[in-house]
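For the numbers below, each heavy atom of this structure counts, side chains included, while hydrogens, waters and symmetry mates do not. Lettering of chains follows the sequences in order, A, B, ..., and the numbering in each one begins at 1.
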Number of protein chains: 2
Amino acid sequence: MESTRLWAGKEDAEDPLAAFRAEFALPDGVIQLNGNSLGPLPRTVPGALDAVVRRQWGKHLIRGWFDDGWFDAPERVGDRIGRLIGADPGQTVVGESTSVQLFNAVAAAARLRPDRRVLVCDAANFPTDRYLAASVARVLGLRLVECTAGELAAVLQAHRGEVGPVLFGAVDFRSGELLDLAGTTARIHAAGGIAVWDLSHAAGAVPVEVDAAGVDLAVGCGYKYLNGGPGAPAYLYAASRHQAALDLPITGWHGHARPFEMAGAFEPADGITRARTGTPQILSLLALEAALDPLERAGVAAVREKSLRLGDCLAALVRELPAEIRPEVVTPTEHHRRGGHVALRCPDAPAVSAALMERGVFTDARPPDLLRLCLNGLYVSYTDVFDAVAAFAEVAAAGSGERRAKGER
Amino acid sequence: MESTRLWAGKEDAEDPLAAFRAEFALPDGVIQLNGNSLGPLPRTVPGALDAVVRRQWGKHLIRGWFDDGWFDAPERVGDRIGRLIGADPGQTVVGESTSVQLFNAVAAAARLRPDRRVLVCDAANFPTDRYLAASVARVLGLRLVECTAGELAAVLQAHRGEVGPVLFGAVDFRSGELLDLAGTTARIHAAGGIAVWDLSHAAGAVPVEVDAAGVDLAVGCGYKYLNGGPGAPAYLYAASRHQAALDLPITGWHGHARPFEMAGAFEPADGITRARTGTPQILSLLALEAALDPLERAGVAAVREKSLRLGDCLAALVRELPAEIRPEVVTPTEHHRRGGHVALRCPDAPAVSAALMERGVFTDARPPDLLRLCLNGLYVSYTDVFDAVAAFAEVAAAGSGERRAKGER
């Protein structure tokens, strides 16, 4: 094993992204493998946020909205995120939580197909996606059909001519499987539907090309691979071709064509600006903006390439574990089907994750039996992966011994 | 005039709240009279936010959600705001923008009265309130009726038995008039309706007693009299008696009874927690929490008492202005009908506001002809009011001279 760790160290020494690790505040002794829950603190953030608070808010007061660019931040930061997901400028706007953006996006998608009464939602989607799809279906009087990606073709066929919005997660938050964004979108379009994607587990982790894939609408969160901080605001992408007809239910005054006229009736702004909602939470929004810097400089393609190599390395190390503690690698091994994290199936996953955290290895568990390890190439090293698997082996061996002592298998 | 300025200085010297002024970062040479648009920076905020970023996020990573109390922050900060608006604990939750909370609150109010098909909205309400009321009406198939407070009794009579939600602003954002919260709520209840209040211009400025007034639902923003910073998150209040039946359309996973079970169907949490939405923007939320500190220590009653005195002082100074530049004081003079700001009607109000800002006097203008001066007792001094009126006199005299030169009246 020691020779393998030396190999990992050699990989780190030759890693073209190695220098980016120092751009994140990673506490000593911590191996950060749950950046798909909360990305670590980019060193660009504290100073930027302090300037926003002390210099902009503190000294410029209300003038910060225009003199410091607060007012344009939803579109400006939106365009920066847009570049990370393959969107040309003017199609992405930042604000609110992913849940709110889901409500807005799915409802708007339904209104683009007013004659279609079926809303399809990924049965493996993150819970909040399913809850909001159900809420939109209820509010607009649609029929909600949940299915897996594998069942989608059959569902579209069974409800042909009826399906409007189709909401899928680009990366399965449990298994880490990456769906075929372009192929699935094409299938939805062939059935006359509107493709709405949740990119929370994809943006910043895998190359996403929403424009090229013909995606209609997309949403995502700012706090996973975008490293924007706890609860960083979400974003909404709407393809240019839909914007003039985009009819969003959260008609906040910042989406008005002339907000400062304070007119009595809502008149949506041109372009993506109509997808602004209420007054944006500037501190969280500008922290997210500062956080994008290292990812932009590294480039998603390079981060992805390293992440895949880290995943291959993880799989190889897992294969070498003794059979009695060896977890099943649930995530597909093929690169084109793998997202940014790897999921391992193991007994007592929550207890294993807690025990790993005690040793400084930050992972997380998803019910009932999945351990997730996020392999973000921006700051995770090959040695991290080696050390994490070694820690897993110790924890799993202890758990296995306990189960044997109790007479469980 | 100089003797009046000396009088103002004497008032400041005897002002029991004078020391609170130093708790805000007020730039030299600035008179901050638009805290009803954006409150100034409380000195409690920068250090608190820096600790959240560097120590909590930076060192604790994902554990911050529980070890640092991020997860409970929406209810914890909600209860602190609740105390400022007369709400017992467990009825107020913080998150998203006011626009989103309006959508959620008005829709939930409508669902509390499913047999009633008329939604009434204050015709003088802030635009975003009117836009969201219209959106809810459209989504739920309700008829929207707009009316002023003075017309409400007649509207309730004309639509008797039909009115469900009634949305009013507690303080008119233009005129500064304070409505009778308890009396209006009682009138709405007598007609079988649900009273939804926007407290954005009232909370922290005037004593609001939502529990005592029998208010059903309320929302408000965090960045005006609560000083929470640009776009600080909004809050939603729902009276305990309604919570078990509260059916909110933004069914985000943080409002689920057991969010970490990741169940497929939404089951609302007990109590006000069901009004949580998606993952909260923690940086903006905890900045708001830190910002509440000076207001809580001063107490809304003391702030209000001083604010009224500042308003009386302003009115007296305006009365002494030469007739050709003397603005009309639009805000009611009676204390029980006056909110936290005073509105003056004058020609070219936007130009006057801009000229005042050049002199360091921060006010704002609302179309077409209102100049708003926010007299927040926490940090505005009597001398500020004197100096602001003196600056107004100079600016107005220059404008009046220009209009005479052009042959306008």
Top residue by heavy-atom pair count (under 4.5 Å) with chain A, among [options]?
options: B:Val30, B:Thr277, B:Val100; answer: B:Val100
options: B:Gly141, B:Gly64, B:Pro280, B:Ala107; answer: B:Pro280
options: B:Pro367, B:Gly264, B:Ala232, B:Pro27; answer: B:Gly264
options: B:Ala123, B:Ala25, B:Gly58; answer: B:Gly58
options: B:Phe173, B:Phe266, B:Phe260, B:Trp65; answer: B:Phe266

With a 4.5 angstrom heavy-atom cut-off, which part of [X] approaches chain B: side chain, backbone, both or neither?
X: A:Ala265; value: backbone
X: A:His256; value: side chain
X: A:Val45; value: side chain
X: A:Leu61; value: both
X: A:Arg43; value: neither
X: A:Asp247; value: side chain
X: A:Gln32; value: side chain
X: A:Tyr223; value: side chain
X: A:Arg276; value: neither

Determine yes or no for a side-chain-to-main-chain donor-acceptor pair under 3.5 angstrom, with [X] supplying the side chain and [Y] the backbone.
X: A:Ser135; Y: B:Thr251; answer: no
X: B:Thr128; Y: A:Gly252; answer: no
X: A:Trp57; Y: B:Gly39; answer: yes

Measuring from [X]:[atom1] to [Y]:[atom2], what's the distance to the nearest 0.5 Å?
X: A:Asp129; Y: B:Trp253; atom1: CG; atom2: CH2; answer: 11.0 Å
X: A:Leu283; Y: B:Ile282; atom1: CG; atom2: CD1; answer: 13.0 Å
X: A:Leu102; Y: B:Ile250; atom1: CG; atom2: CD1; answer: 10.0 Å
X: A:Leu26; Y: B:Lys59; atom1: CG; atom2: NZ; answer: 11.0 Å

I'd like to know which of [options] tops the heavy-atom pair count under 4.5 Å against chain B.
options: A:Ala263, A:Ala134, A:Ala287; answer: A:Ala263
options: A:Pro230, A:Gly255, A:Gly278; answer: A:Pro230
options: A:Leu288, A:Ile62, A:Val136, A:Asp50; answer: A:Ile62
options: A:Arg63, A:Arg138, A:Gln101, A:Glu146; answer: A:Arg138
options: A:Met357, A:Met262, A:Arg130; answer: A:Met262

Nearest heavy-atom neighbours spanning B:Pro249 and A:Val139: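 Scanning both residues completely, I find the closest heavy atoms to be CB-CG2, 4.4 Å.
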Indicate the atoms forming the closest heavy-atom contact of B:Phe362 with A:His60, along with that distance.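 That closest heavy-atom pairing would be CE2-O, 3.7 Å.
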Which region of B:Ser37, side chain (C-beta onward) or backbone (N, CA, C, O), has a non-hydrogen atom less than 4.5 Å from a non-hydrogen atom of chain A, or is it both or neither? both
Need one label for B:Phe126: side chain, backbone, both or neither, based on atoms under 4.5 Å from any heavy atom in chain A.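 For B:Phe126, side-chain heavy atoms alone lie under 4.5 Å from chain A.
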So A:Leu38 and B:Trp70, side-chain contact (heavy atoms from CB on, under 4.5 Å) or not? Walk me through it. CA-CA 13 Å; A:Leu38 176 64; B:Trp70 300 346; 3.8 Å; yes
Are side-chain N/O atoms of A:Ser97 and B:Gln281 paired as donor and acceptor at under 3.5 Å?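 The criterion, which ignores hydrogens and geometry beyond distance, is not satisfied for B:Gln281 and A:Ser97.
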